[in-house]
Every structure is written in structure tokens, then in C-alpha cells.
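Presented below is the structure to which this report refers.
In what follows, chains are A, B, ... by sequence order, proteins preceding strands, each numbered from 1.
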Amino acid sequence: MIRVRFAPSPTGFIHVGNARTAVFNWFFARKNKGSFILRIEDTDVERSTRESEKLLMEDLRWLGIDWDEGPDVGGDFGPYRQSERIEIYKKHAFELIEKGYAYFCFCSVEELEKEREKILSLGGIPKYSGKCRNLRIEESIERVKKGEKAAIRLKVPSDQEVIFRDIVRGDLKFSTNFIEDFVLLRSNGFPSYNFACVIDDKYMRITHVIRGEDHISNTPKQILVYRALGWDYPEFAHLPMVLGSDGTRLSKRHGATSLDQFRGGGYLPEALMNYLSLLGWSSPDGREVLEIDEIVKAFELERVGKSPSIFDYEKLKWINRQHIRKVPIERIVEECIPYLREEGFLPPVLKDSHKKWLFSAIQAVISNLETLKDVKKEFQIFFYFKPEEMDEESKKLVLEESSKRVISKLFSKIKDLDYVGWDEFSAMVKEVGEELKIKGKELFHPIRVALTSKFSGLELKSFVPLIEDGSKIEFPLKILNVKERMERTLRFISGD
RNA sequence: GCCCCCAUCGUCUAGGGGACUAGGACACCGCUCUUUCAAGGCGGCAACACCGGUUCGAAUCCGGUUGGGGGCGCCA
């Protein structure tokens, strides 16, 4: 039974790089019918909050990741918050002291800091001196009993090699000579990352540790802990980094980086997941726009690449567009509603008439949507109509003599009608053309501008019915119909 | 500085000794469809970092150089 975990620390929003790690773990678990475990690494008391833990889980769920075991859903190997497992870590840290594989360290943080700076300034390797390593154990225990603060460090053996196989990278080799006696248990009683991680992965029966490349150098340290404890260790797979456009670590400077920003930015979760899957992995059949279950089916760690990838917002947008076109339009309508409310285009309660209109309107603009959020700007054409604010290009066109004649003529045919259907409308446009001997662009373009105040946009065939129908429905911002729009444009042209 | 990892179009990638004239996708450019703009369709530009070795044959294997990235906390 394959068991993997995603182990974030609840210190802020979830970064897409971390999300990618979560997603790959999840794909691997689902593909192999294994378990995906969510473990909260909240041993940094200063920075961890329950609030971020909550947000983190919400964001993960939004993305489409579910977990079989975790702090909120429970499981047989909990608790799943490290802060609730302190006794377990202590027990094993003391066990290592007893076995002689670890020792108490009484150096203060300030002292160590000073030492490190000194070594660094001399161009040396910042490595703990091992000062407390040879303290007599009886004496150390005595000091601890008296209440002196002490951390516990691992006695890292010298001249040994740690070799492990990484599923992505093959055999990796490290000499223990470059590993210092790192801290297992901090003087505040909390475990360090490299210790807690080992204990938890063992207790939770993790079979595959899939994490970012930035953890490669932690792996030999953790293996040393496994060895000292006499435990076998899981398989490792280190995923390549996700970088920003300039090749440095992806950060705010490059654009959106947290899951909630993509959510708010109008991305479909399956599109983001799809895009994330393409960072370091590719489908054997070469297709890129994939349903989640297709990815699960095809996913293999063996197909994960070794080199870092740059996060490409353009391609994400393109993938998002593909997914927008793929899912049922009802869902797109549903997802667009919050954005439209935000703009004040929709009332708090939607009647059937609203829904019906909305459906047609979304259908009309859907091919222009790169993100769901784009619906806001696409819908302006329905709710805002201000001839006096039209751009120079449109103004110039509409003020031409022939344009004026076209618009007036068409208006004279429409002005007594209560409703203009598309067939009727296009028949009248045709008549106008014949009567004025104007055709083509010269005929159509002025009409477009008269109706939208914009030089380009939706095709009139869908636009005209939408404003005609829309004008009969009650919206917070009234939709003007053909007649009203032409009237206003005419007034603008004549200079009133 | 030290340790480790990585290297195919601008970007994501396929490829794993002969199938390579190196394939696909995004972006970009052009054409087309459309009496607008997009979207769509078609086409184009564009890469094996460098040097050496192994081999009949190297993008592919080996070594080095260069470049990039990661790590070196009582953070995770």
C-alpha cells in the first residue's frame, strides 16, 4: 500500500510551488490507489497559526485535492499536527541520547550566531563546532535536571557516505564530513524539521517522500536519523523547482504566487491543476489539455524531469481558456456570478429571467474569456453606454456624413417599435443600405458604434437580442435597448 | 566559500546510441474565416550551452569547462 504525504507549515498562503508538490503527491497516490495524508508542520510556534491552517486546507480543497488522513478528517496514524506529537519526538530524542547517538548541547543561540559569523568572515564553512559533543553524559543530565536549557544534537559520524536512490534523479551520494551535528530537539522541547519529519514519516508509514528539490540536502541528514534509530526509510523523489520568469525563485515580484490569488483571479481549479501537472511532467501521448482523471491515469514519477521549470502565466491562461470551453456552460455561468455581482451588474437574488439572459450573454462572450474574471470587462458593453465617452476612433467614424445618414435612417425605422428581433433588425439594416446605396463596412460599422460606442466587440447578431431582451429585465443597472442607444448616439452626433 | 543538483526553440516539453532534416504546445509573425475585435482553421520563425572522449555512428554514454538553481538555522 502506497502512502504519501503533503506536509505544509501553516505560516501563510500556499505557494504554487508547494501546490505543485501537493498535486504530484496526490496524483501519485490516486494513480496507485494509495493514501494521501495531510500533515501540518506547526513546530515553528512563532509563525504557525490555526488561521493559516484553515485557509491552507480551503485552498487545497478548492484546487481539487482531498486527503485520506489529516487533522480534520482523522486517521489511524494521528495526530496529524506536529504540535500534538511532542511527546513522541521527545521519547525518541532521549532514546538516541541513551544509545549514545545524540547529546545535549548547552550553547546559546547568541553564542552560536557569533561563532557562525566569525567562521563566515574567515571564509570557513559554517558548521557547528561540536563543542558540547564530548561533555560527560552524567554531567549533562545533571545540568538538565537542574533546569538548564539544552538542545539535543545528533552525533554525526565522520568519514561516512550516505547514498540513496532518488526516483527522479538516480543515486545521490553525500559525505557526512559536510554535515554538522544538527539539532534534533530544540531547547524549547520542540523538534527540528529534520527530526520530526523522520519520526512522522515512520509513524505514519509513509512509503514515498515526494518533495521539492530544496530538500535534497536534508535527505542525508534524515537518513542519518533513520540509521541511528535503526529504522528503514522510505523512497525519495525530489521534484525540480518552479522558478519565475527571470530564473530565480518564484516570488511576488513575478506576479501571483499563492493559490488564493489564482482562485480570485478567475482560474478554474482543474485548469491550474492541469498546468501544474505540466511543470516537470508530461503525458506520454503528448497532449497537454487534460482532465484530472486523465492525468491520474497517466501519471508516473518516472516521467518527472530533472530540470527546473519557469512558471509561464501565458500558458496557464491558455490552459484555463481551454478548460473554460470544455466544462458545461452552466458551471461557467455559476462561477461568473460572483464577479458580476462584484461589479454591480446582478441583483442579490436571480430570477429565472435573469438566469436565462445570463446564460445567453455568457454564451456570447465565452470565447473571449481567458479567466472567469474577464467576464467583468466583457459585460460592460451591456450595462454601460456613454456615447460622449467614446474613443477618438469611434467618434471620428460616427461623425462622418454617411455614418450620420445610416444611423438616422435606421433610427427612423426603429423608433416606433417596442421590440426589435434580430431578423427584423437585419432586414431593416439591409433596407437602409439599399436606400442610401451604402454597403459593407461603411454600413455596418457606424451601426456597431451607434449601438456600443465601441469600435469593436461582440457580433451584432448576438448583441442586439441581448440588449433587446435585457432591457425588458430589471437589472441594478438598466440595459438600454437598440432604440434608446441609437437615440443617444444621435443626440451626441448632433452635438447636444 | 563549501556541498549538492541541473542543462533541447524566448517558455513548457518529447526524445534515452542509427527512426532527427530534432517532434508537440504557449508566445510571436503571416495567411484565412468573419462586412468589427477576438476566438477558430492553416502556415512560419525558433533549440540539442561549450570542449574533449567512447563508438562505424552521440541531442542521447563518459570526463571537463561554462552557465543556472538549491542547500549550508534551536525555519520548514
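Rounded to whole Å, the P atom of B/C26 lies 12 Å from the corresponding atom of B/A39. When the P atom is used for both B/U8 and B/G15, the distance is 14 Å, rounded to whole Å. Remark: the separation of the C1' atoms in B/C48 and B/A14 is 12 Å, to the nearest Å. Between B/U60 and B/G52, the distance separating the two P atoms is 14 Å to the nearest Å. Taking atom C1' on both B/C9 and B/C5, the two are 24 Å apart, rounded to the nearest angstrom. For B/C12 and B/C51, the C1' atoms lie 29 Å apart once the distance is rounded to whole Å. Between the C1' atoms of B/A59 and B/G18, the separation comes to 13 Å (whole Å). Separation of the P atoms belonging to B/A47 and B/G73 is 43 Å when rounded to the nearest angstrom.
Straight-line distance from the NZ atom of A/Lys317 to the C1' atom of B/A39: 16 Å, rounded to whole Å. In this structure, A/Met241 atom CE and B/C4 atom C1' are separated by 12 Å, rounded to whole Å. Taking atom CD1 of A/Ile324 as the reference point, atom P of B/G40 lies 12 Å away to the nearest angstrom. Atom-to-atom, NE2 of A/His15 to P of B/A76 comes out at 19 Å; the value is rounded to the nearest Å. The separation between A/Phe178 atom CZ and B/C5 atom P is 12 Å, rounded to whole Å. Atom CZ of A/Arg165 is separated from atom P of B/C5 by 14 Å (rounded to the nearest Å). Rounded to an integer number of Å, the gap from A/Arg287 CZ to B/A14 P is 16 Å.
Note on A/Arg165 versus A/Glu235: no salt bridge recorded, every NZ/NE/NH1/NH2 to OD/OE distance being 4.0 Å or above. We find that A/Glu161 and A/Arg227 are not joined by a salt bridge, their nearest charged nitrogen and carboxylate oxygen being 4.0 Å or further apart. A salt bridge does not link A/Glu87 to A/Arg85: none of the charged nitrogens lies less than 4.0 Å from a carboxylate oxygen. Between A/Lys404 and A/Glu401, at least one side-chain N (NZ, or NE/NH1/NH2) sits under 4.0 Å from a carboxylate O, which counts as a salt bridge. Between A/Glu41 and A/Arg81 there is no salt bridge, since no side-chain nitrogen of the basic residue lies less than 4.0 Å from a carboxylate oxygen of the acidic one. Classification of A/Glu392 and A/Lys395 as a salt-bridged pair holds, one side-chain N sitting under 4.0 Å from a carboxylate O.
Remark: aromatic rings of A/Tyr233 and A/Phe164 are distant, center separation not under 6.0 Å. The distance between the ring centers of A/Phe311 and A/Tyr275 falls below 6.0 angstrom.
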- Under 4.0 Å protein heavy-atom contact, by nucleotide of nucleotides 20-38 of chain B - B base, S sugar-phosphate only: ----BBS--------BBBB
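Heavy atoms of A/Leu185 sit nowhere under 4.0 angstrom from any nucleic acid atom. Among the atoms of the strands shown, only primed sugar atoms or phosphate atoms (P, OP1, OP2) are found under 4.0 Å from some heavy atom of A/Gly280. At a threshold of 4.0 angstrom between heavy atoms, the contacts of A/Phe311 with the nucleic acid are absent. Counting non-hydrogen atoms under 4.0 angstrom, A/Ser245 reaches nothing in the nucleic acid. Among the atoms of the strands shown, base atoms are found under 4.0 Å from some heavy atom of A/Cys107. In this structure, A/Ser307 reaches the sugar-phosphate backbone alone: every heavy-atom distance under 4.0 Å involves primed, P, OP1 or OP2 atoms, never a base.
Summarising the base pairing, B/A25 is matched to B/U11 through a Watson-Crick or G-U wobble pair whose two defining distances lie under 3.5 Å. Nucleotide B/G40 forms a pair with B/U32, judged by Watson-Crick or G-U wobble geometry with both contacts under 3.5 Å. The base-pairing partner of B/C20, taking Watson-Crick or G-U wobble contacts with both distances under 3.5 Å, does not exist among the strands shown. Partner assigned to B/G1 is B/C72, using Watson-Crick or G-U wobble distances below 3.5 angstrom. In this entry B/C61 has B/G53 as its Watson-Crick or G-U wobble partner, both defining distances falling under 3.5 Å.
When the nearest nucleotides of RNA chain B are assigned to A/Val304 and A/Asn188 by heavy-atom distance, the more 5′-ward of the two goes with A/Val304. Comparing A/Asn218 and A/Ser309 against RNA chain B, the residue whose closest nucleotide sits nearer the 5' end is A/Ser309.
For A/Ser9, the listed nucleotide lying nearest its side chain is B/A76; candidates were B/C5, B/C2, B/A76. The nucleotide whose nearest atom lies closest to any side-chain atom of A/Phe174 is, among B/C74, B/C3, B/G73, B/C3. Across B/C74, B/C6, B/C12, the shortest atom-to-atom separation from the side chain of A/Ile310 is found for B/C12. Here the side chain of A/Arg325 is nearest to one of B/G73, B/G69, B/G40, namely B/G40. When distances are taken from the side chain of A/Asp44 to each of B/C12, B/C6, B/A76, the shortest belongs to B/A76.
Under 4.0 angstrom from either OP1 or OP2 of B/G71 there lies at least one side-chain N or O belonging to A/Arg249. Considering only side-chain N and O atoms, A/Arg303 lies under 4.0 angstrom from the phosphate OP1 or OP2 of B/G15.
For B/C3, its base never sits under 3.5 Å from the side chain of A/Ser217 at any donor and acceptor pair.
Taking every heavy atom of both residues into account, A/Phe262 and A/Leu272 meet most closely at CB-CD1, 4.0 Å.
Considering A/Tyr226, A/Phe195, A/Tyr203 in turn, A/Tyr203 is the only one that fulfils the ring-ring contact (aromatic ring centres under 6.0 Å, His included) rule with A/His92.
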